[in-house]
Each structure stands twice: as C-alpha cells, then as structure tokens.
Amino acid sequence: MTQLDAQTLRRWLRDVIVRRPVPVTVAATLLLFGLYPGPALIVLRSPAWRTDIVSNRFADERDFWIAGLLVIVGPAIVFANLVPNAFDRAWNALRDRMGSLRDRWFIVGAASFAVLAAAAASVYVLSRKPTTSDEVAQLWHARILLSGRLWLPPDPNPEFFAIDNVIDRGRWYSQFPIAGPAVLALAMLMHAAWLLNPLLAGLTVVNVYRFASAAFGMAAARASAMLCATCPFLLLMSGSYMNHTLVVFLTTLALVELPAWMGGTGRRRIGASIVIGLSLGFAIAVRPLDGAIAALAVGAFMIYAAVRHARVPMLIVVLAAAALPVAGLLVTNLLTTGHPLLFGYEVLWGANHSLGFHNDPSGNPHTPARALALATVYLMQLNWSLFEWPIAGLLVVAGALVIVGKLGQWDALLLGWIGVQLVGYAAYWHAGALFGPRYLFTVVPALLLIAGRGLAVAERNASPAARRAVVAAVAASILSSWLIRTTPVGARGGAEAIRPTRLAFKRDLDPAVKSLHGAKALIFISETASSRLMRRMSGMGISRPDAARLMATKDNCALLDIVLDEEREAASPRDRLARLERAKSYAPPEGWRLMVYDVAFRTSNRQSITPRCRAEIVSDDAHGAALSYGQALLMNEIGRDGRLAGPIVFAADLVEHNEVLRSRFGDRPWYRLEMRSGPGGESARLVPYE
Amino acid sequence: MALVVIGALLRAYYLRQPMRYDESVTYLYFASQSWTDVVSSYTYPNNHVFHTLLVKGCATVLGDDPWVLRLPAFMAGVAMIPVTYAVGRRLFGSAAGYIGAALVAVSGALTFYSTNARGYTMVCLATLILANALLRLRERPSMAQWTVVVLVTALGTWTVPVMLFPAGGLALWFVLSAIRDDTSQPRSDLARLAFAVLATAILTVVLYSPIVVNHGLTALTGNSFVRASAWSVFFRQLSSSIKPTLAASTLGYPVVISALIVACAVVGLVQERKTNGMRVSMAGSMYVWCAFVLLATHRAPYFRVWLFLVAPVALIAGHGLTRILSRVPATPPRFAANGGELSVAGAIALGLVVVLTHGVDMSRDTGTLRDGERLAKAFSRALRPGDRVFAPIPSNAPLAYYFVRAGLDTTYLTSVPSDSSRVYLVVNTAEGFAVKTGLGDPLLARFTKARLVVRYPSAEVYRLY
C-alpha cells in the first residue's frame, strides 16, 4: 500500500466513521442483525429455524450475492471504469434525457409500470386467486358486507364451511378489522377486486415520489420512485388480495402531506392535517398494529414539530380526522364482537393472540429470545425481498445511510418508523412471511426512500470512479434481476419460483361449475387429511386454537381415531377436549417423516398408522391433487336471510360425516369436485357422489 | 536462466509421480490410439487434441513411461517461466517480471499441471505468448506478431477450448485499448484484430473439423462438462468454488505465504495502470470477459480452467511487491530496481516449501491411485484367466494404464465375472473409499463377503465372495 493510498484510506475512514456516527451505527446494526453474523448466530444455528423456508432461501440468496458479485456486479463496475469516457457520455445522455422528462410524465411512467407489473404478478404468478387464508377470509367478509350485513348468522353445520381466520360461532364474519374487507367490497362492486392492489401499488409509487421530492429533492424522488416501482416485494404483495398494500398506500399518503403540514400555508396545512389524520386512522382500521405504529412514528414527529413551531392546533385537526375511521372501527367491533376494543382476532384465537411475551394461541411461549430471532428473520428477508438484486438489500440500505451521512429530520422519521415497526412486530408471536417479511411491508417505502436518497447522493457527490461504480452496479443489478430467469432468486426468478406453489388455491373451478348449467347441486371439495381432521374437531365444538394446538402436538392418527369415536356419541366440547388431550403426543424419531401427499399430517411412526388413519391418508391420493376449500366458499351465494343459498352450494368433504347434510341438501344431486389429469393437463371435474 | 533451472528442477522432481486418472484416460483412450483417432475422436472432452498429438509423438519415440507422456506439459510449464518474465517486463518492468517468473517457477499449481499429461500448461503458455504478442502489437504493428496471435490462439483452442477465456479477455483489452487511442494505429489495429479473429476462427474450425464431422458440434459445445446448469446450481457451485479455487491455486504454500501473495496481488492490481501507463487494464478486461462467458454459459468450471490466470496473478503480485518494496526505506535500491537476486532466493525458498509440504504429490486433483504400479505388478502375478478386478473411478484408469505397462490384459477390469471367477475389489483409501462404500455396480450385488488380501499405503485389495 502506498503512502498516498494509506492517507486516502485514513481520510475515508475518518470521514465515514468518525464524522457520521449515527448513520454508521444504524447501518452496522442493520447489517449485524440482518446479514452477518446475526442470521448465522441467531437463526441458522437454531434447530427451530434450521429447516425453515427462510433459512433455505437465505442459503440460495447468499450464493446469488457471492456469484452475482463475481459475474454480474463486479464486471459491470470494472467495465464502466475500463471505458470511463464512453460510460460517462452514455450515462450523462441518459440522465439528461430523463431530466428533460417532465416530472408528471416520469411519475406517470413509474406508477404505470408498478400497476402493470403488480397486475402481471397477480395474473401470472397468483392466477388472480386468493392464495392465503387471510385473503379468502377478507374476501368472504367483503361478500358478507355486499350482502348488506356486517355478519351472517352462523351456519348450522359450520365444519363444512369453515376456513381459517373466519369466526363461525355466534356470528359469521372474518377476524379482520372492518376497513380492509370494506375496501375490497367496493372493489368487488366494480368487478375489479384483483386490480385494487395493483392500482394502490401505483399510487404508492406516486406517494413515495411526492414525499421524496418535497423532503429530499428531485433526484432522490426519482431514484426512490424507480426503486419502489421495481420492488419485487411491493409488486408481488400487490398482486395478491392482502390488506398490506392498502396500509402502505395510506401511510405513504400521510407521509406525502407531512412536508406541507410542516411548511405550507395555513389552508394547505389544514388540508394536510385532515389527509394525515384520515390516512392514519384508516390505516388503523385496516391493520391496527401497522396503523398504530405509523401513527406513533408520524405522531411523535408531528408533536415535536408542533411544540417547536407552535402548531398545536393543527394536531387537534389531525386527531379529529383520525378519530373518524377509528370510531368506525370501534363501532363495527361493537356490532360484531360485542365490545369496541375486542377484535375478531381475539374472538377467534383467544387473548393469547395479542402482542407481548406470553404463550401464543397454540400454547408455545413467545419469549424475548424468540422475538430477537423473529426480528433477525424479518431483517434477513429484506436482503432479497426489497430489490432481488445480486447485492444484499440491507447492504444497499446501509450503504445509502453511510453515503447520506448527516441525517436530517426526515431520515430520523423514516428510521424511527422502521425501528418501531421492527420492535413492534418482534413482540408479536406470529412469524409472518409472504413474498418477504410481510410484517415489515408497511416500512418498505421508508427503506426504499433511504436507499433512493443514498443513490442520488452518491450519483451527485461521489468521485467519478465511485459514481460509475454505483450507476453500473445498480443498472446491472436491475437488468439481471428482471431479465434473467435465475429461479429461485432475482425478481423474475423469484416470481417463477412462486408460480407453481400453493396450487390448491389456484385451481380453476369455473369450467366444472358451468357444466351444471345452473342446475341445483351440492358440491364437496376434497381437501387434505389434516384439513379434514381440523374440520372434524371444529364440528365437535373444539375451538380453533385448541384444534390447532392439538394438531401440532399430538400424533394425528391417534387424534383421528379419538375424533372418529367421539363423532358417534354425544358429549360436551369440554369432555371431548379432555379426551383429545389424552391422545398420544407427536414424538417422531430423528429423521422420521411420513411420505404422504399431505405433509401437514403428522404421525410419530409406522405403528401409529391405524387402519382408519390409513384409509384417511389414502383417500387424499384417491381424490387427485389437493384443492383448497377457500375459493369454493367464495363461490357460495348468500341469501336474503343471510344463509347460504343459490342453486349450487359448496361444502368441504368430510367423507362419512357428509351425511349430516342430507336433511338440508338432500333435494339436489351431490358431487365431488376432484382434480383429474387429462390430455390438456389437470382440470377440475365433477364426480357423482357415491 | 536460474529461475528456469529452478522451475525445471522442481517440475522434474514430480515428473515420475504415479499416473492420475485424467492423464491415464488421455493416454488409454486417445494418445495410444491411431493418429487419425487422436484428431477425430472426442468421446470425452478429455482429448486435448493438440496436446494429445504431442503426447502421442513423444510416446511413439520414447515409450509410454509416465515422464514421457508428461513431456509436452512439462516443456510448456518450463517455457512459461521466461515468457512470464517477458510479459512482466513489458507490463511492469524488469523487477516485477523476475518476481512473477519466480512465482511461476515454483507455483505448486503450475508444477502440478506441468507434471500431468494434460493440456492445461499449454493453454497457460499460449496465454502468455498471446499477451506478449498483443503488448508488442500495441506498440507497433507487425505481421509476424499477428501471425503469432492467430497461430497461438488457434493451437491453444485446439488444445483445450477453454482458451476462449484468455483469448477473449486479451482481445477485449486490445479492442478497448484501440478504442481509447492507446495503440499505435487505433483504427487499423481494430481492423487487423478483426481479421485475426476471423483467421483464428477459420483455423480453429479447420482443426476441429474431423471431430465435428465424427461427433457433431455438440460434442464440443454441449458435452456434460460444459452444458449450462440451472442458475441456482450455477450460483451455488460458483460461490462454493471460491475456497477450493484459492486453495488449488496456492497449492503447496502455507496459508501465510498464500495470504502474502494475495496481498501483494491486491496492491499490484490497485497500482496496475499507475505504473505501466496503459489506459485500459488488462486484468480488468480479462475479468470482464471471463465473467461474461461464465454468465453466458452459466456453468461453474473446475479450477484448472482458471490455471491460465496463475501467471498473470503472479506478475501482478510481483508488481505489488515491487511497489511495496519501493516504499520501504530500508530496501537497498538494487532490490527495488532489479529483483533478480531476490527472485532467485525467494524461488529457492518457496520451491523447498512446495516440496516439503507435499502439496503437489498429495493432491487428489484429477483423481489418484498412488499405488497403481505396485497393484498392477501384484495382480500380474496373481490373476488367471476369467478373474475380475473391480476398480471404481478414479482407480480404474490408472490401474488400466499400469496393467498395460505390466503386459496385463485390461479385460480383467471390464469382463463379466463367472461363478468360477476370482473377484477382487480395489479400495482406494487415499480417495476416501472404504470396503463398505456403495459403488452402484450391479455386478457387485451378488457378493456379500470381502476378505482383505493386501494393504498398500493408498489402497487395499479385497477378495469378494
């Protein structure tokens, strides 16, 4: 190393570390917990997480980053500096051309891209179908709302129509707060429910752009909007029916109005106060914890600003505006659960569903250590879900923080929000993962804003060689991620990897149903053995959390035998639960796994498989590929009396237990809907019931 | 000259090491066949055609001793030393050239492949000659040098198609240099390069035409060793190949010495263009091209494909060391100006290290059966018609080679045993095999007992019942 280089290095270290302690500390924390060594120490070594899908994905992504650095990003950086003049000319020309593009057209382009990409994800990756029980539950709740009711009267045979996350005892409605299903219902009215989230994704890009242009300037705004429009996590989630996109739109809308609230004229400030209040209030009414965290972050910022600049009256306007949607939420809670502060989550799962360190609804303890592991798992996933580049996402965010250097008020707001969201959801027992760390989805725009700002600063202030490196690395990363099918990593590869998953939710049932030409029918949907067992317990009055706990802790064959015996004689749910608790525990020897179609069906060993259990398992294979009852429930019609109606009724197949429906639906032909292979591939077919 | 002698002595020390799997296959399947077969057979990519021709030539004249079969690789490996110096002197000056040549002379990896009857050191030599020619062409046009470029590239590619990596990288460097006005006649140089590429392509096609006619183009471009893998496999293999590649490229060196060489190379890389005044980095161009080819083929190659980089890295490390020494006040000016003595002393020391660590002879690269010759001799006394010897990969080819040398029929290794056959199993313990290792050979299924007959340091022989 020459003296010159040593001096340069010393100067660089001094500039970066000594003069920027806060961003360096935050960046280091993100990397330590999210990239290395946190994942290795906290997650990958732990038996509880070792076989988790996130751990496996981390291994794939790590290979992608190392190999990508060698053959994609590294060569791009080197090439840019091999032909510096030509590269600079090309980049300057592109930048000038983009600069000459009016803001309006730029943002229309970026937002349109996001809408189209999210819509493409919905069609191509998710088949425009709800692929999680959360989506099915909210769509069903939206159907309930469209029937003119907040809830339906419970069905007399709920075990045939039950789905996860839907309350079907006492009253029939979903566990989710009202605003999400309400917005879905509006979209359903326009026959465009699947387009709702793609449109919201586009609007979120607009929000991000507008906030960044006011807070950080035009270059950062454009970079952030570009990152947002190409964020795989945002696009995939927006291809689904999940309520996360709605919350992201609402919280970023609140962000957009903050600069005006801080520095606008009096009238503009009132308008901003109303929009901020309504946005955050609606966010609370959709996802209470996400909304509350956003309100906490933004609220703390506003209180600080209000006290400092004597704008306390404006706070009252914000609170008043926020109170409207929140009041609506509380009223609907009162009308559905019976208490304004009691949410459907707790009605369905019990008090243990709530935030904090206690046993979860299945009886497993949620401890600070597990919270730390959850936070690490969420941060780990940001490495790929944010960009799906051959560079770890947190490395980009951390690098941006260091490059930005001195943090301003907006950076503090964004970082504070991210921090509270991470801590808040770490304290929540459920490990949420869907296309990425879904409980951090709300702060994805904040992370993208930081990254976008860092890129803009680097492009403006870095040395020519460093600027070329940044531009070339980002360009190569985006192009490789979007153009090469590097399954299961990369934006395109990730989408390709998701496409063949959760097929039970994606089957097209319409052709089979249309073959009835509107004739009356009762159609049974054959699910897997574990789903049937859950339903059987539900039919005996066992609560959802108890059933879920028994399924997880007991040998499923032993459980099934007791359930089948119980179905023959009358008894109280309490007595039945006591007998089910005595079932043999699930305790497989190391490495044992039952090789059957339904991987969720747990047996301890071969001796556990009784004849009745064997028949139950074998029936999975007999009915062809698995179907999920969720989308069939959504095809049921709701009558004026709030009961299931219509010529065709769909019910879950509970084999011999189906006979209890004879008295209700004996007037119509019965069928089983089964997936069968044919010349044109697998298709749903109606098979007469025997 | 001293460095050439040191390098030659070190290589000569290993020239008689036991035959390895790949080189045995080269001899048995190709070099021992007819001249026509050598140029037209490509049943395995193991046929490094031009190298195999030279091996056949040597074997025809001097016999089939291992050292004879290794002579072409050995000669190429020794010739690399002065050519490395020539390239280094042009790139970074005499001192760096000496140090680079010294590192090449005592490189464990290059010593290994200089004593392995395969074509890789010939590709390394071709790379250096090509680099030297292009460096000279950068300074002034020369018909003779362009002829060298075409011939060396075509012959290198005819030896092993992986010549595409260095040749493409150097061509890219020359193109970029011309584009950036860093050659003597930029526009004309570009035209000449285009012509040279065309001529090379035509010559290569002509040289490979017997194989293409015989086996089709896919034998070269779509065989199982070059076929594209799934991206996830490619990423996994590439990322997991870094450590073994580093280990193989510093074969025979303790970690401290390897780390020092890498550190010097990093400094040399940073300082590359500050010294030689070239506007385009040759190392950078090579890297970009190789990455491009890797991305296009998405197939992670073996370390030996990267062997051509050892000499350039040695030169860059040499350059780095001279830069470091030039900044150390206590360094005698003579050392900084001319690293000859330093290089010879260092080469002797490093050569001894390579010998003492046994990195080269104990390496399992390309497959070993170290006691193959002893086994063959023992079998020549014991085998009788109808017997069968099972020797799974990588034991089979070296054993077959030594069977041929011992005058034994190689059908002992391939025939179907009858009920009266005595059946032996060679267990290559040095390669991690044990008598219980599952071999997947259906012919072995009927045997349930194994009795140890003889044990050698690297292998055991069992009689099967």
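In this text the structure is predicted, and so the values were computed from the model without any measurement. No hydrogens, no waters, no symmetry mates; every other heavy atom, side chains included, goes into these values. Quick note on labels: first sequence line is chain A, next is B, and so on, each numbered from 1.
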Give, as side chain, backbone, both or neither, the part of A:R62 having an atom under 4.5 angstrom from any heavy atom of chain B. neither

Student check: side-chain heavy atoms of A:L70 and B:I242 closer than 4.5 Å: yes

Can you tell me if B:F303 has over 12 outside heavy atoms packed within less than 6.0 Å of its CZ? yes

From A:T486 OG1 over to B:L295 CG, what is the distance, rounded to the nearest 0.5 angstrom? 10.0 Å

Tell me, for A:I484 versus chain B, whether the close heavy atoms (under 4.5 Å) come from the side chain, the backbone, both or neither. side chain

Identify which part of A:T487 has an atom lying under 4.5 Å from any heavy atom of chain B, answering side chain, backbone, both or neither. backbone

Is B:R138 atom CZ crowded by more than 12 heavy atoms from other residues, nucleotides or ligands, each under 6.0 Å away? yes

Looking at A:F87, I want to see if its CZ is surrounded by more than 12 non-hydrogen atoms of other residues, nucleotides or ligands under 6.0 Å. yes

Rounded distance [0.5 Å steps], CG in A:D60 versus OG in B:S232: 6.5 Å

OH of B:Y253: more than 12 outside heavy atoms within 6.0 angstrom? yes

Please report the interatomic distance OH(B:Y287) to CD1(A:I77), rounded to the nearest 0.5 Å. 8.0 Å

If I measure from the heavy atoms of chain A, does B:S241 come under 4.5 Å with its side chain, its backbone, both, or neither? neither

Within 6.0 Å of CZ in A:R95, more than 12 heavy atoms from elsewhere: yes

Atom pair CG/CD1 of B:L238 and A:I66 - distance to nearest 0.5 Å: 9.5 Å

Segment of B:R180 engaging chain A (4.5 angstrom heavy-atom cut-off): side chain

Does atom CZ (A:F33) have a neighbourhood of more than 12 heavy atoms from anything else shown, all under 6.0 Å? no

Name the option with the most non-hydrogen atom pairs under 4.5 Å to chain B; the candidates are A:G493, A:G74, A:P488. A:G74

Counting C-beta onward and ignoring hydrogens, is there a side-chain heavy-atom pair between A:D63 and B:S240 closer than 4.5 Å? no

